[in-house]
Structure formats: C-alpha cells, structure tokens
Peer 1: 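I'd like to ask you about the structure that follows.
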2 protein chains.
Amino acid sequence: MESNTPIRRKITLSDIAAGCGVSRATVSLVLRGSPLVNRKTRARVEEELRRQGYVYNRMAANLRRRTSSGIALVLNELANPFFAEFAAGVDEVVGEAGFVTLLGCTNESPAREQAVLGSLIEHGPAGIILSPAEHSDASQVLAAVGAQTPLLLFNRELGGSLPEFAHWDRLTLDNQHGTRLATEHLIARGHRRIAFFGGHRDSSSCRQRHAGYAEAMQAAGLPIEPHWQVECAPTRLAAAAQTPALFAAAPAPTAAVCYNDAVALGLVLGLNQRGLHPGRDFALTGFDDIAEAQLSAPPLTTLAAAPRARGRQAAELLLQRLREPQAEPRHTIVPVQLVIRESSCAPSDRS
Amino acid sequence: MESNTPIRRKITLSDIAAGCGVSRATVSLVLRGSPLVNRKTRARVEEELRRQGYVYNRMAANLRRRTSSGIALVLNELANPFFAEFAAGVDEVVGEAGFVTLLGCTNESPAREQAVLGSLIEHGPAGIILSPAEHSDASQVLAAVGAQTPLLLFNRELGGSLPEFAHWDRLTLDNQHGTRLATEHLIARGHRRIAFFGGHRDSSSCRQRHAGYAEAMQAAGLPIEPHWQVECAPTRLAAAAQTPALFAAAPAPTAAVCYNDAVALGLVLGLNQRGLHPGRDFALTGFDDIAEAQLSAPPLTTLAAAPRARGRQAAELLLQRLREPQAEPRHTIVPVQLVIRESSCAPSDRS
DNA sequence: CTCCAGATTTGGATCGTTCTAAATCAGGCA
DNA sequence: TGCCTGATTTAGAACGATCCAAATCTGGAG
C-alpha cells in the first residue's frame with residue numbers, strides 16, 4: 001500500500017534556524033517566548049515556524065531539562081464517578097498549564113500502585129497526584145517515586161510513617177466537620193437517636209467522619225448506643241445487608257449518618273426491604289454528593305465535595321509546589337457543604 | 001530547609017557500565033532483554049542495576065527512538081461513567097503492555113480537541129485513541145495529529161471526509177441494531193406510540209440509534225409523530241428540561257427509546273415532575289448500561305456496551321496496529337446487549 | 001572617533017539512551 | 001598454528017532541544 005503524502009523528515013529547530021538565518025538557540029528562545037529576542041527577529045522566526053509546519057519535540061526538551069512536562073495522576077479507582085470527575089478537573093488545569101496528564105489506575109491494589117508508580121516515574125513527571133490505594137504504605141510509595149519528585153496526596157492518608165524528608169503536600173476533605181454538620185442537621189430536625197452507619201473504622205476517612213458524628217452527639221448531650229455504630233464495606237450491597245444490625249436491639253435509631261453516598265443508597269435499599277420508607281419513617285444522610293444522590297428516591301441529603309473543583313485544586317496545589325519547591329509542605333483541608341434534600345426528614349410517628 | 005537525604009546524581013547507563021566493566025551498549029541490551037548478551041554478563045549487569053538502584057530514563061530513550069512509550073487517550077467527556085470505565089479499561093491494557101496513558105479531555109469542544117491533540121502530539125505518542133467531540137472534523141484532526149501516528153477512532157464518526165491516506169482504525173458500537181432491539185422489545189410489550197428521546201441528530205451515534213428505532217417502528221407498521229422525536233444534549237439536566245416536549249401534542253407516547261442512559265435518567269426526573277411514574281405509567285429504555293442504570297428507580301432497561309471491555313479492546317486494537325503498521329485499516333463494530341429491567345413496563349391504563 | 005552599557009545573538013557542550021557497523025572472542029577444524 | 005564462524009561486545013555518532021558563557025551589535029556619551 002502506497003501513501004500518497006511524501007514522508008517528509010521531521011522539521012527540527014535547525015531547519016527553522018537555517019530557514020531564516022538565525023541560530024538554533026534563538027529559535028529556541030522564540031519558542032519559549034523569551035523576552036530576550038528582538039521583535040523583528042521573533043516575527044521572522046514565527047513566520048518560518050508556520051511556513052515549515054514545525055511541531056515542537058517535547059521528548060528532546062524533556063531529556064535536556066531532566067524532567068518531562070507530564071503530571072502523573074494515580075488513582076485508586078477511576079470507575080467511581082467521584083474520581084472520574086476529579087480526574088477531569090485535574091486534566092483541565094494540567095492542560096491549561098501546558099502539561100499533560102499521565103494516567104495510572106491502581107484498582108485499590110497496593111501492588112499495582114507500586115507497578116504504576118514505577119512505570120510513571122520512568123517518564124520523569126514534573127509532579128505526581130496520588131490518591132492512594134487502601135493499605136498503601138508511605139515507605140513503599142517513597143521507594144517507588146524517590147524523594148525528588150513533588151507529590152500531592154489526595155483524599156486518604158498513607159499507612160506507615162512518612163520519612164520526614166519527604167515533604168509531601170496533602171489535600172483532604174474536612175470529613176469530621178462534614179459529618180458534624182450532618183448530625184447537627186438531623187438533631188435540629190428533632191432526632192435524638194442517631195446512628196453512624198458504614199465504612200471501615202481502620203480507614204482514616206471513616207475515623208474522621210465518625211469523630212464528627214460523635215462530637216455533635218456529645219455536644220447535644222445525646223447518648224450513643226453501641227448497636228448504632230455499624231461497620232461495613234463502603235458499597236451499596238454491604239450496606240443493604242448490614243441494615244438489620246441497626247434494629248437488632250432497642251432503642252432503634254430514627255436516623256443515620258452514613259459513611260458515604262454509596263452506603264446511604266444501600267441503606268435506602270435495606271430500609272425498603274424492612275418496609276420502612278426512607279425520607280419519611282427514617283432519616284439519613286450521605287457523603288460525597290455523587291450524581292446519583294440527587295436522583296435517588298428519596299433524594300439524598302449529603303455533603304458535597306465538588307470533585308471536579310477538588311481536581312482543579314489538586315492540580316493547582318501541585319503546580320504551586322513546582323513553582324516553589326522549597327516551601328513548607330501544605331496540608332489543605334477543604335470544607336464540604338451540607339446539601340439538604342428529602343432524605344433527612346423529621347422523625348415520624350412510625351419511627 | 002535542609003533535606004537529610006543526599007541528593008545523589010541520577011544513576012545512568014554509564015554508571016552501571018563502569019560499575020561492572022562493560023560498555024553502555026551492553027547494559028542497554030540487557031535492559032531491553034536482548035538475547036544477544038551472554039547469560040553470565042546479563043546476570044552481572046542485572047546485579048549492578050539493583051545494587052545502584054538504577055531507574056530507566058524513558059525520556060532519553062524516547063528521544064532516540066523518535067516515539068515515546070505513551071498512548072494518548074483523548075475523550076470527549078470523562079465525567080460520564082461510560083467513558084470513565086472505558087478509560088480504566090484502556091489504561092489497564094496500555095499499562096500491561098509497558099506503555100503509559102496520556103490523558104486528554106475535550107469536553108465536547110472541537111476547539112479544545114485541537115488544542116489537546118496538538119499538545120499530546122508534541123510528546124510523540126506511539127498511538128492515539130480518540131473519542132471525538134461532537135462536530136469534530138476529520139481534516140482538522142488529521143492536521144493536528146499528522147499522518148504518521150496511528151489513531152483509533154472510538155464511538156463516533158468524524159465529520160467531513162477522511163483523506164484516503166489516513167488509514168485510521170475504528171471501533172464503534174452497533175448503535176442501530178441496539179435501538180432496534182430496544183424498540184422491538186417495547187413493541188412486544190404492547191406499546192404502539194413510542195418516542196425517540198434525546199441526543200443531537202448531527203452526531204453519528206445519535207443518527208444510527210435513531211435509525212434503529214425508525215427501522216423497528218417501520219417494520220412493525222407503526223407511525224412516528226414528529227413531536228415524538230425530541231433532541232437535546234445528552235445530559236440528565238437537558239433531558240429533564242426537554243421532557244414536556246414529548247407531551248406537547250396529542251397523541252402522547254406511552255414509551256420512549258432514549259439516546260443513552262444519562263438522557264433516560266433525566267427523562268425519569270422529568271416524568272416524576274409531571275406526576276408520571278416511570279416504569280408504571282410510562283416505559284423507557286436507555287443505552288450504555290452505566291452503573292446507575294440498575295440502581296435507579298425504576299431500574300433501567302438498557303443496552304449494555306461493557307465500557308471497560310471496550311476500553312481494553314480499543315487498546316488492544318491499537319497495540320495490534322503498532323505491531324503491523326501496514327495492515328489494512330479495520331472497522332470493528334461491537335454488538336450490544338439488551339438488558340431488560342423494570343423501566344420497560346407494559347402500557348398502563350393511565351398512559 | 002572611541003568606549004561602554006545594554007540588548008541580542010550564538011557556538012558548542014550536554015541530557016541519557018539507542019543504533020550501526022565494526023571489533024573482539026571462543027572454539028572447531030584443517 | 002592459522003583460519004573461519006558464530007556469538008558477544010563495543011566505540012561513537014545520532015536523537016533535537018536547552019543551557020551557558022562568550023561574542024556581537026546598537027546607539028549615545030565623552
């Protein structure tokens with residue numbers, strides 16, 4: 001099969017330089033928008049760039065500059081809409097800044113995380129945004145990425161202790177304050193017997209969310225029964241299955257603060273199976289405000305984390321760090337917003 | 001702030017070569033697993049690589065080989081769970097093959113697509129997987145990526161005509177057959193007045209899906225009223241807002257084949273707002289089988305496209321192409337499966 | 001004129017691999 | 001021993017931009 005376009009050799013800086021009688025160095029300066037070059041020269045060079053159809057070869061530049069113009073984005077789970085939105089936000093800002101996003105997906109496996117980080121680091125990314133897999137360990141991550149590449153931790157804490165010379169930035173949600181708001185909201189609606197439902201207590205985010213709940217209950221002088229604190233995997237299925245545990249003993253709760261939206265949606269299922277009408281007989285709140293939250297029946301009162309905005313923010317924090325490599329490590333805790341919908345009804349006669 | 005780890009110069013091939021008394025070339029061969037090197041030598045070099053903690057510098061390799069080990073993945077929309085799953089599938093296979101995914105997100109804007117492609121191409125990706133933005137034009141895309149880099153088109157056709165020398169592979173869903181199945185299913189359930197709802201008619205996938213619907217209606221001898229064909233952006237919000245258009249004139253439809261799941265979920269909202277009970281008073285089907293489809297109220301009858309599998313498939317097709325650059329361009333059409341759930345009820349008295 | 005400062009421009013080395021062609025080595029055979 | 005063959009190894013030139021220090025240019029002051 002013959003191609004009918006001439007396979008012309010790639011145009012390089014030298015071609016442009018030769019084409020308009022200046023040196024490679026000058027062309028390079030023009031390309032990078034340096035103020036050093038004369039107006040007249042710049043115009044001439046730019047014209048020649050257009051004329052020859054030059055395309056910049058970032059691979060060459062990367063080699064010389066010893067760092068690529070890529071930002072590695074390593075996620076524990078891309079299929080989750082929360083992280084998909086997050087990724088979209090990251091990519092927006094990364095792209096605007098002239099970088100490119102190197103994607104890696106670990107599927108919650110620390111082993112895969114090691115492999116992915118190892119592979120990405122070979123490309124010399126300018127920085128890394130990492131949402132760790134469950135049970136991912138700080139020293140392992142450090143071993144994989146080295147101490148030179150700036151890294152921003154998103155969403156979760158790492159297990160193990162962080163060697164003090166790896167000054168990583170962090171961006172996490174204000175989990176504790178969020179569930180505190182949710183709990184206070186339920187209390188304000190008139191609930192007195194409120195459960196905390198779902199999640200695994202050995203995950204940092206679950207501990208924080210539980211703390212916010214406990215704090216609000218305590219502040220209101222409300223007791224917490226042991227069987228109101230039910231752990232389960234943060235999935236719909238597990239949550240539905242664990243629902244009976246809430247009602248295993250008297251007094252039964254009239255409301256529940258759930259670990260996240262997935263758990264809350266599972267609880268909705270579980271309540272329906274018991275013949276309870278969530279949003280009328282039983283109040284509940286979620287966390288994350290995933291797209292389904294506003295569409296479920298009943299629409300879910302939840303804490304909005306605005307994942308796309310978080311993605312943009314993560315990228316901006318990392319770019320900031322690239323600009324000031326020596327600045328103190330930052331820990332940014334972003335507030336979450338209580339979105340009140342119909343699932344957080346007042347207590348009913350029935351409950 | 002002082003770091004307490006020595007900032008040691010990066011280890012290079014030369015360091016390894018020097019460290020065990022062979023030439024750089026030999027070490028390079030070892031790294032690439034060439035069969036040319038002697039067992040004994042290979043072992044010695046590998047030991048030294050470990051000892052010095054060498055990390056491969058792909059930027060240098062990329063420059064020399066004139067193509068990077070990146071696969072560009074350019075998506076019209078990442079927030080849509082369908083594409084998020086697709087991306088996850090692509091990344092799996094790309095990673096397994098030792099490549100890295102370069103992500104780019106166009107948000108349905110051809111202008112942004114140009115920018116994203118332009119930026120990615122500078123990194124010399126080995127190949128490109130592109131799910132075009134709406135109204136994206138073949139010649140524009142060609143201008144941005146050049147004729148040298150293999151490209152796989154996913155999901156949509158490009159506008160304009162494809163210059164014959166750009167032999168691009170394609171992977172698309174069997175849209176027409178899918179909606180035909182859905183429509184036939186609704187007809188079998190007893191519906192006679194069926195609408196086609198959502199999407200923009202100038203997108204190829206929408207045209208194909210509409211064709212499948214029209215085909216089934218015609219085959220069954222059923223008429224189609226003009227106001228049963230409602231266009232809107234393929235988002236929940238737009239679909240909810242356009243719902244009244246379906247009922248703007250008599251006779252009202254009793255069922256709708258929706259452009260995709262997002263639209264169907266929006267229609268669910270819109271119907272609820274009108275006091276109609278989807279899955280009881282009105283039947284509807286979606287397309288894609290995103291995760292929310294089976295959890296919505298009512299669970300959605302839809303066409304499963306298995307996006308993660310499609311992602312894996314897309315990556316495999318592209319890798320195949322890298323292995324055989326001269327092979328004939330392939331157009332792969334993947335069948336979709338009708339998943340019957342509760343949204344596609346029989347017509348009720350009410351409707 | 002000559003000199004100087006500031007504005008531009010430039011040659012040449014450099015980044016760390018891969019590639020090519022040629023060199024070297026080991027062992028068998030005459 | 002000397003030659004030949006196949007198996008290994010290697011020197012050195014790429015790849016294409018960036019960096020640095022030094023060269024050149026300009027125009028105004030003395």
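Below, read A as the first sequence line, B as the second, and so on, with proteins coming before strands; counting in each chain starts at 1. FYI, side chains are in, hydrogens and waters are out, and symmetry mates aren't considered; it's all heavy atoms of this structure. A quick note: this is a predicted structure, and the numbers were derived from the prediction, not measured.
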Peer 1: With heavy-atom distances below 4.5 Å as the criterion, would you say the side chains of A/V22 and A/R44 are in contact?
Peer 2: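 Touching, per the 4.5 Å side-chain cut-off.
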
Peer 1: Using a cut-off of strictly less than 4.0 Å between a heavy atom of the residue and any atom of DNA chain C, enumerate the qualifying residues of residues 54-68 of chain B by number.
Peer 2: B/Y54, B/Y56, B/N57, B/A60, B/A61, B/R64, B/R65

Peer 1: Roughly, in whole Å, what's the span from CG in A/L13 to P in C/dT9?
Peer 2: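 Spelled out: CG on A/L13 to P on C/dT9 is 15 Å.
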
Peer 1: Just jot down the ring pair (Phe, Tyr, Trp, His ring centres under 6.0 Å) partners of B/F154, sequence neighbours excluded, or say none.
Peer 2: B/F86

Peer 1: Would a distance-only check, ignoring hydrogens and angles, find a side-chain to backbone donor-acceptor pair under 3.5 Å from B/R42 to B/S34?
Peer 2: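 Yes, because the side chain of B/R42 sits within donor-acceptor range (under 3.5 Å) of the backbone of B/S34.
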
Peer 1: Would you say A/T26 places a side-chain N or O within less than 4.0 Å of OP1 or OP2 belonging to C/dT9?
Peer 2: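 So the side chain of A/T26 is outside the cut-off, no N or O lying under 4.0 Å from OP1 or OP2 of C/dT9.
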
Peer 1: Any residue in residues 37-49 of chain B with a heavy atom nearer than 4.0 angstrom to DNA chain C? Just list them by number, or reply none.
Peer 2: none

Peer 1: When you measure from the side chain of A/S68 to the backbone N and O of A/N62, does any donor-acceptor pair fall under 3.5 Å?
Peer 2: no

Peer 1: Go through the steps for A/S139 and A/D137 under the test side chain to side chain donor-acceptor pair (under 3.5 Å), then give the verdict.
Peer 2: CA-CA 6 Å; A/S139 59; A/D137 178 80; 2.6 Å; yes

Peer 1: Considering only heavy atoms of chain B and a distance under 4.0 Å, specify the first and last nucleotide of DNA chain D in 5' to 3' order that meet this criterion.
Peer 2: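 The contacted stretch runs from D/dT8 to D/dG16.
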
Peer 1: Does this structure show an ion pair linking B/E108 with B/R156, if we count only N-O contacts that are shorter than 4.0 Å?
Peer 2: yes

Peer 1: As an exercise, state the distance from CG of A/L103 to CG of B/L73, rounded to the nearest 0.5 Å.
Peer 2: 7.5 Å

Peer 1: Is the shortest distance from a Lys or Arg side-chain nitrogen in B/R330 or B/E324 to a carboxylate oxygen in the other one below 4.0 Å?
Peer 2: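 No, this pair does not count.
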
Peer 1: In whole angstroms, how far is the P atom of C/dA21 from the CG atom of B/L36?
Peer 2: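 Distance, rounded to whole Å: 15 Å.
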
Peer 1: Return the value, rounded to whole Å, for the distance between atom CG of A/L29 and atom P of C/dT10.
Peer 2: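 Nearest whole value for this atom pair: 10 Å.
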
Peer 1: Side-chain polar contacts of residues 127-135 of chain A - donor-acceptor pairs under 3.5 angstrom, sequence neighbours left out - could you list them?
Peer 2:
from, atom 1, to, atom 2, distance (Å)
A/S131, OG, A/N76, OD1, 2.8

Peer 1: Considering the terminal five base pairs at each end of the helix from C/dC1-D/dG30 to C/dA30-D/dT1, what angle separates the two local helix axes, rounded to 10°?
Peer 2: 70°

Peer 1: Under a 3.5 Å distance rule, please check whether A/D15 uses its side chain to pair with a backbone N or O of A/T12 as donor and acceptor.
Peer 2: yes

Peer 1: Does A/R51 reach the main-chain N or O of A/I16 with its side chain, forming a donor-acceptor pair under 3.5 Å?
Peer 2: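 Checking the backbone N and O of A/I16 against the side chain of A/R51, no donor-acceptor pair under 3.5 Å is found.
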
Peer 1: So with a 6.0 Å cut-off around CZ of A/R65, is the heavy-atom count from everything else above 12?
Peer 2: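 For A/R65, atom CZ is not crowded (no more than 12 foreign heavy atoms under 6.0 Å).
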
Peer 1: Using a 4.0 Å heavy-atom cut-off across all strands, classify B/T12 as base, sugar-phosphate, or nothing.
Peer 2: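 Result for B/T12 = sugar-phosphate.
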
Peer 1: May I ask you to check whether A/H123 and B/S69 show a side-chain donor-acceptor distance below 3.5 Å?
Peer 2: yes

Peer 1: With sugar-phosphate meaning primed atoms plus P, OP1 and OP2, does B/V22 contact a base, only sugar-phosphate, or nothing at under 4.0 Å between heavy atoms?
Peer 2: sugar-phosphate

